[in-house]
Amino acid sequence: GGAGDGPDARSFDVAMPDFTDAAVQARLTDERALAVIRRGGQANGLNYAMPPWEGVLSEPEMRAMVAHLRRLGE
């Protein structure tokens, strides 16, 4: 659901972001979200568990992921 409370959330050593929260959405730019999707969490100073998707997903697919994150905040 995007609230950061999924079944694996407790297994991470950091809190997962709640993309349904307007404050989280306001702080996150599309460019930042795309950078994390492209290069992964660790390359962006975030959780190592977020893998890089560059080379796996196409640019339009990664941009669609950003659009999906934005819809979670509506």
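Source: prediction; values computed, not measured.
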Filter on salt bridge (charged side-chain N to carboxylate O under 4.0 Å, His left out), then keep only pairs touching residues 65-74, sequence neighbours left out; what's left? Asp30-Arg70
Identify the heavy atoms of Thr20 and Gly1 that sit nearest to each other, and give their distance. CG2-O, 3.5 Å
Nearest atoms (heavy-atom pairs only) where Gly4 meets Ala9: O-CB, 3.4 Å
Indicate the atoms forming the closest heavy-atom contact of Ala33 with Leu69, along with that distance. CB-CD1, 4.3 Å
So with a 6.0 Å cut-off around CZ of Arg39, is the heavy-atom count from everything else above 12? no
Minimum side-chain heavy-atom gap Arg38-Trp53 below 4.5 Å: no
Please determine whether residues Val56 and Val66 belong to a single hydrophobic cluster, defined as Ile, Leu, Val, Met, Phe, Trp and Tyr linked transitively by side-chain heavy-atom distances below 4.5 Å. yes
Main-chain N/O of Ser58 paired to Glu61 side chain as donor or acceptor, under 3.5 Å: yes
Given side chains that start at C-beta, do those of Met50 and Asn44 come closer than 4.5 Å, heavy atoms only? no
Please test Gln42 against Asn47 for side-chain contact (heavy atoms from CB on, under 4.5 Å), starting from the C-alpha separation and ending with a verdict. CA-CA 6 Å; Gln42 190 168 21; Asn47 194 307; over 6 Å; no
Where do Met65 and Ile37 come nearest, in terms of heavy atoms and distance? CB-CD1, 3.7 Å
Are Val36 and Met16 joined in one hydrophobic group, where the rule is that I, L, V, M, F, W and Y side chains link up if heavy atoms are under 4.5 Å apart? no
For the atom pair CG (Leu57) and CZ (Arg63), what is the distance rounded to the nearest 0.5 Å? 13.0 Å
Are any of the side-chain heavy atoms of Glu59 and Leu34 separated by less than 4.5 Å? yes
Could you go through the side-chain contact (heavy atoms from CB on, under 4.5 Å) check for His68 and Leu72 one step at a time? CA-CA 7 Å; His68 177 71; Leu72 294 171; 4.1 Å; yes
